[in-house]
Amino acid sequence: MTAASTRWRPMTAADLPAVHALAALIHPAYPEDAAVFAERLRLYPPGCRVLERDGELAAYVVSHPWLHHAPPALNVLLGELPARPTTYYLHDLALMPEVRGSGASVQVVGALVEQARNEHLPSLSLIAVNGSAAFWQRQGFESVEDQTLTDKLRSYGGDARFMMRRL
């Protein structure tokens, strides 16, 4: 994979059908309506990016400022972003198998860390699923035990973990 053939770029409304299709392929156990992706893009365009590989979408990330220890539920519209966010939330990072291990995820996580810093937020947070906690630990995230999140985490599966990276 060469730099010329692969690049992260801002997500556009025209990308939404392909993003929704990728989500269904990559995360079939975590279905989300197309409206969720459209709303996140509308609410916070700087946090929505896609990875283009030879003219086709191969990955996407959806992220936005949010509230510490209050991750949004799966497949729920937010309505609006908080007036005083306290964390930068990574809602979803999904990569097709052919781009995994290429460094693309590390690259976009670095860009999101910079975005959080630009927003003057003290941390990034996420819910790790599908055995991805080890990847997130390598990116500086730590598991956070919070009994108030038990039910929400259970809806994401038995291995779901709430994780945070302090800046």
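The structure presented is a predicted model; accordingly, all values stated were derived computationally and were not measured. The analysis underlying the following values was restricted to heavy atoms, covering all of them including side chains, and did not include hydrogens, waters or symmetry mates.
- No side-chain heavy atom of Val129 sits under 4.5 Å from any side-chain heavy atom of Arg161.
- Residues Pro65 and Leu121 have side chains in contact (heavy-atom distance under 4.5 Å, counting atoms from C-beta outward).
- Counting heavy atoms from C-beta outward, Pro45 and Cys48 have side chains that stay 4.5 Å or more apart.
- Between Pro10 and Val50, the closest heavy-atom pair is O-CG2, 4.3 Å.
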Quick one: do Glu39 and Tyr44 satisfy side chain to side chain donor-acceptor pair (under 3.5 Å)? Show the steps, please. CA-CA 8 Å; Glu39 183 195 53; Tyr44 196 72; over 6 Å; no
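- Taken together through direct or relayed side-chain contacts under 4.5 Å among Ile, Leu, Val, Met, Phe, Trp and Tyr, Trp66 and Val62 form parts of separate hydrophobic clusters.
- When all heavy atoms of Val99 and Arg53 are compared, the pair lying nearest together is CG1-CD, 3.6 Å.
- Atom OG of residue Ser63 and atom CG of residue Leu112 lie 4.5 Å apart, to the nearest 0.5 angstrom.
- Smallest separation of non-hydrogen atoms from Leu43 and Gly79: CD2-O, 4.0 Å.
- Heavy atoms only, all atoms of each residue included: Ala116 and Tyr88 are closest at CB-CB, 3.6 Å.
- By the 4.5 Å heavy-atom criterion applied to side chains, Lys152 and Pro71 are counted as neighbours.
- Leu77 shares a hydrophobic cluster with Val36; the chain of contacts runs through ILVMFWY side chains whose heavy atoms sit under 4.5 Å apart.
- The structure places CE of Met164 at 4.0 Å from NE2 of His68, a figure rounded to the nearest 0.5 Å.
- Partner Trp136 forms a side chain to side chain contact (heavy atoms under 4.5 Å, CB included) with one of Ile127, Val109, Leu124 and no other, that one being Val109.
- Side-chain atoms of Asn130 and His27, non-hydrogen and from C-beta on, do get closer than 4.5 Å to each other.
- In this structure the side chain of Pro122 never reaches within 4.5 angstrom of the side chain of Thr87, judged on heavy atoms.
- In this structure, Leu149 CG and His69 NE2 are separated by 7.5 Å, a value rounded to the nearest 0.5 Å.
- For Arg117 and Glu114, the salt-bridge test passes: some basic side-chain N is under 4.0 Å from an acidic carboxylate O.
- Distance check, rounded to the nearest 0.5 Å: CZ of Arg7 to CD of Gln107 gives 11.5 Å.
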Could you go through His64 and Glu119, starting from their C-alpha distance and side-chain angles, then the distance that decides it, and tell me whether this counts as side chain to side chain donor-acceptor pair (under 3.5 Å)? CA-CA 10 Å; His64 53 82; Glu119 294 287 348; over 6 Å; no
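- The hydrophobic clustering, which links ILVMFWY residues whose side-chain heavy atoms are closer than 4.5 Å, places Val76 and Leu16 apart.
- Shown here for Pro17 and Ala14, the closest heavy-atom pair between the two residues is CD-O, 3.5 Å.
- When the side chains of ILVMFWY residues are joined at heavy-atom separations under 4.5 Å, either directly or via intervening members, Val113 and Met163 end up in a single hydrophobic cluster.
- Between Arg9 and Glu52 there is a salt bridge, since a side-chain N of the basic residue sits under 4.0 Å from a carboxylate O of the acidic one.
- No chain of hydrophobic side-chain contacts below 4.5 Å, direct or via other Ile, Leu, Val, Met, Phe, Trp or Tyr residues, connects Leu41 to Trp8.
- With contacts defined as side-chain heavy-atom distances shorter than 4.5 Å, the pair Asp92/Tyr60 qualifies.
- Separation of atoms NE2 (His91) and CG (Leu78) is listed at 8.0 Å; rounding is to 0.5 Å.
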Run the numbers on Thr148 and Asp146 for side chain to side chain donor-acceptor pair (under 3.5 Å), then give the verdict. CA-CA 5 Å; Thr148 64; Asp146 184 337; 2.5 Å; yes
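- In this structure, Val61 and Leu93 approach most closely via the heavy-atom pair CB-CD1, 3.9 Å.
- Under the 4.5 Å side-chain heavy-atom criterion for grouping Ile, Leu, Val, Met, Phe, Trp and Tyr, Phe162 is connected to Phe141 within one hydrophobic cluster.
- Within 6.0 Å of atom CZ in Arg165, more than 12 heavy atoms from other residues, nucleotides or ligands are found, so the atom counts as buried in its surroundings.
- Using a 4.5 Å heavy-atom cutoff, the side chains of Arg40 and Pro72 are in contact.
- Between Phe135 atom CZ and Ser105 atom OG the span is 3.5 Å, to the nearest 0.5 Å.
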